[in-house]
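A quick write-up on the structure given underneath.
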Amino acid sequence: MLRQFICFSMLMLFAVQTLPLIAQDAPAAEAAEEKKEKPDPFKVPEGTDDKVLNIFLQRLSRTPPADRSKEGLLEHLGKMDKAIEEIISRDISEEMYISSLELRLQLLGILPQLGDNSAVIKRSKLIDELKRDKREGVKALAARLELEERISRLPVMKDEAKKTLVKEIGDQLSNTETKDDDAFMQAAQNAMKVAQSLERYGDTDNAVVAYKQYASILKKKNHPDLGDAAERMEATVRRLELLGNSIEIAGPIVGGGNFNIDDLKGKVVLVDFWATWCGPCIAELPNVKNLYDAYHEKGFEVIGISLDQDEESLQDFIKERELEWATIFFPEAEDQGWNNPIARHYGISGIPTAILVNQDGKVVTLRARGEALQEELAKLLGPLEEEKPAKEEAKPE
């Protein structure tokens, strides 16, 4: 409970930086009130009672910095760290020790982002100390932190090390009992981190292996709180395995009628998952429009798949931006947004997702955005002709 509270409180702590400063000149009564001596929020209560220290940590986590500048935030978090360090130094219970450690490790992970590089050394030393601790709970925390560190290094690992880690995480997920809820949810979270990291950094082969293995385990475990996690993993595999294969795209289009990608055989087709509320999607539209204008007569088509929830607003947007291609939109509320059937079928978890299909109906790339889209179109339909500069008229002598 404290751990969840702390995570939320830390996010709230950073959110206060973005709040506007209110009324520089406080009323006289308010100013007088502020002059009264207030208790030090960083002063740790005496003793080792778990309840008292838990209340203190919760209150400390809720306390916003008085100065919302970078320097003020650094000072505030530094004082928090010293307070927690003092608690850890006392002869407290193992449960209290672990809760305090987790909060301190979070702080030491945040401070370097604000320029306090000494926190990196402190965190490293603290983790080394945990590894030497003989208490079972502390050893378990050290092992978890070490595993999380390895997962964070996944993108730079050699292939064999990646495969080893994928299997290790799968074994952990398989061997953890669902009745040990916290441990099982942690194992599931690690599994998702590994698979998503491999996917994000373009290691499709290992990502597919990871997703398949973890989905199979989750199906067998049938944990009630994980819902359709296994199905989402299988859908992601379906998308990642599209390269070199056909894609199934069909559905109702805005303005009436139906679309089926099979009707565009012989054309190069961009399948664009997007929404009007998606900033990066809107930012990519000029690039798509320019390439559509340049390559349409050569055989380039676009089909948008909207994850919007208001068809009228979508129609207005399409008209305003003069989008000439068809857009699939499902009119039923249960099929809109992230519940779009095509998006669910292919495990779309972020937009824009742009998939390019060649003239044979085979997917050639899952990342057809920006310059990558132009490069692929040049391969499939030929490079664009450079505009020749107009000849200067001869000047009379």
Side-chain angles (χ1 to χ4, degrees), residues 154-155 157-160 162-163 166-167 170 192 194-216 230-251 259-274 281 284 287-288 291-292 294-296 298-305 307 325-328 340-384:
L154 192 62
M157 284 183 181
K158 292 183 178 179
D159 190 63
E160 195 57 40
K162 289 180 183 178
K163 287 180 167 61
V166 166
K167 183 180 182 305
M192 186 60 75
V194 166
Q196 288 178 339
S197 178
L198 290 167
E199 178 190 354
R200 188 180 303 114
Y201 289 97
D203 190 346
T204 302
D205 291 342
N206 281 319
V208 166
V209 170
Y211 276 124
K212 282 183 175 179
Q213 181 182 353
Y214 305 155
S216 176
E231 290 180 13
R232 292 198 303 271
M233 287 184 173
E234 290 176 334
T236 302
V237 170
R238 196 176 294 123
R239 169 168 47 85
L240 294 179
E241 290 186 331
L242 279 173
L243 285 172
N245 296 307
S246 301
I247 186 171
E248 298 174 7
I249 302 292
F259 174 87
N260 193 314
I261 199 168
D262 291 342
D263 297 333
L264 295 181
K265 280 284 178 67
K267 305 276 190 179
V268 174
V269 185
L270 178 69
V271 179
D272 185 19
F273 292 87
W274 72 294
C281 302
E284 177 66 7
N287 181 54
V288 176
L291 292 172
Y292 181 83
Y295 277 104
H296 183 58
K298 293 186 175 187
F300 177 47
E301 298 286 352
V302 178
I303 177 64
I305 301 175
L307 272 62
W325 53 84
T327 297
I328 292 176
N340 179 295
I342 305 172
R344 285 180 64 86
H345 182 71
Y346 287 114
I348 303 299
S349 57
I351 54 175
T353 292
I355 300 171
L356 193 65
V357 182
N358 67 13
Q359 294 92 330
D360 298 323
K362 307 297 183 184
V363 172
V364 293
T365 180
L366 303 175
R367 301 184 179 190
R369 293 174 58 190
E371 292 183 7
L373 175 58
Q374 182 170 347
E375 290 170 3
E376 291 294 338
L377 289 175
K379 292 177 190 174
L380 296 168
L381 296 170
L384 292 173

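Computed over heavy atoms, backbone and side chain alike; hydrogens, waters and symmetry mates excluded. If you read the sequence from its start, that first residue is 1, and numbering goes on from there. Quick caveat, the model's predicted, so the values are computed rather than measured.
In this structure, Leu270 and Ala354 approach most closely via the heavy-atom pair CD1-CB, 3.9 Å. Closest of all the heavy-atom pairs between His345 and Ala235 is O-CB, 3.5 Å. When all heavy atoms of Leu366 and Leu242 are compared, the pair lying nearest together is CD2-CB, 4.2 Å. Among all heavy-atom pairs drawn from Gly361 and Val357, the shortest one is C-CG1, 3.3 Å. A pairwise comparison of heavy atoms in Lys162 and Met157 identifies CE-O, 3.3 Å as the closest pair. Nearest heavy atom pair, residue Asn340 against residue Ile342, reads OD1-N, 2.9 Å.
Residue Ile328 holds its CD1 atom at 11.5 Å from CG of Asp272, rounded to the nearest 0.5 Å. The line from NZ of Lys158 to NZ of Lys163 is 14.0 Å long, rounded to the nearest 0.5 Å. The CG atom of Asn358 sits 10.0 Å away from atom NZ of Lys265, with the distance rounded to the nearest 0.5 Å. Taking CG from Leu384 and OH from Tyr295, the interatomic distance works out to 3.5 Å, rounded to the nearest 0.5 Å. Once rounded to the nearest 0.5 Å, the distance linking OH of Tyr346 with OG1 of Thr353 reads 13.0 Å. Gln213 CD to Lys167 NZ: the interatomic distance, rounded to the nearest 0.5 Å, is 7.5 Å.
Annotation: salt bridge (Lys or Arg N to Asp or Glu O under 4.0 Å) contacts of Lys298 (sequence neighbours excluded): none. Residues passing the side-chain contact (heavy atoms from CB on, under 4.5 Å) test with Arg200, sequence neighbours excluded: Gln196, Ser197.
Using a 4.5 Å cut-off on side-chain heavy atoms (C-beta onward), Tyr214 and Val194 make contact. Side-chain contact check for Asp205 versus Val209: every heavy-atom pair is 4.5 Å or farther apart. Looking at Thr327 and Trp274, their side chains come closer than 4.5 Å, going by heavy atoms from C-beta outward. Under the 4.5 Å side-chain criterion, counting only non-hydrogen atoms from C-beta, Leu356 is in contact with Phe300. You'll find the side chain of Leu381 reaches within 4.5 Å of the side chain of Gln359, heavy atoms only.
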Item checked: Stepwise side-chain contact (heavy atoms from CB on, under 4.5 Å) test for Val288 and Trp325 -> CA-CA 11 Å; Val288 176; Trp325 53 84; 3.7 Å; yes
Next item on the list: Could you walk me through whether Leu154 and Tyr201 pass side-chain contact (heavy atoms from CB on, under 4.5 Å), step by step?
Entry: CA-CA 9 Å; Leu154 192 62; Tyr201 289 97; over 6 Å; no
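Looking at Lys379 and Glu376, a side-chain N of the basic residue comes within less than 4.0 Å of a carboxylate O on the acidic one, giving a salt bridge.
Side-chain atoms of Ser216 do not come within 3.5 Å of backbone N or O of Lys212 as any donor-acceptor pair. The closest donor-acceptor contact from the side chain of Tyr211 to the backbone of Arg238 lies at 3.5 Å or more, if one exists at all.
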Would you give me the side-chain donor-acceptor pairs under 3.5 Å for residues 244-251, sequence neighbours excluded?
unit_1: Asn245; atom_1: ND2; unit_2: Glu241; atom_2: O; d: 2.7
unit_1: Ser246; atom_1: OG; unit_2: Lys362; atom_2: NZ; d: 3.4

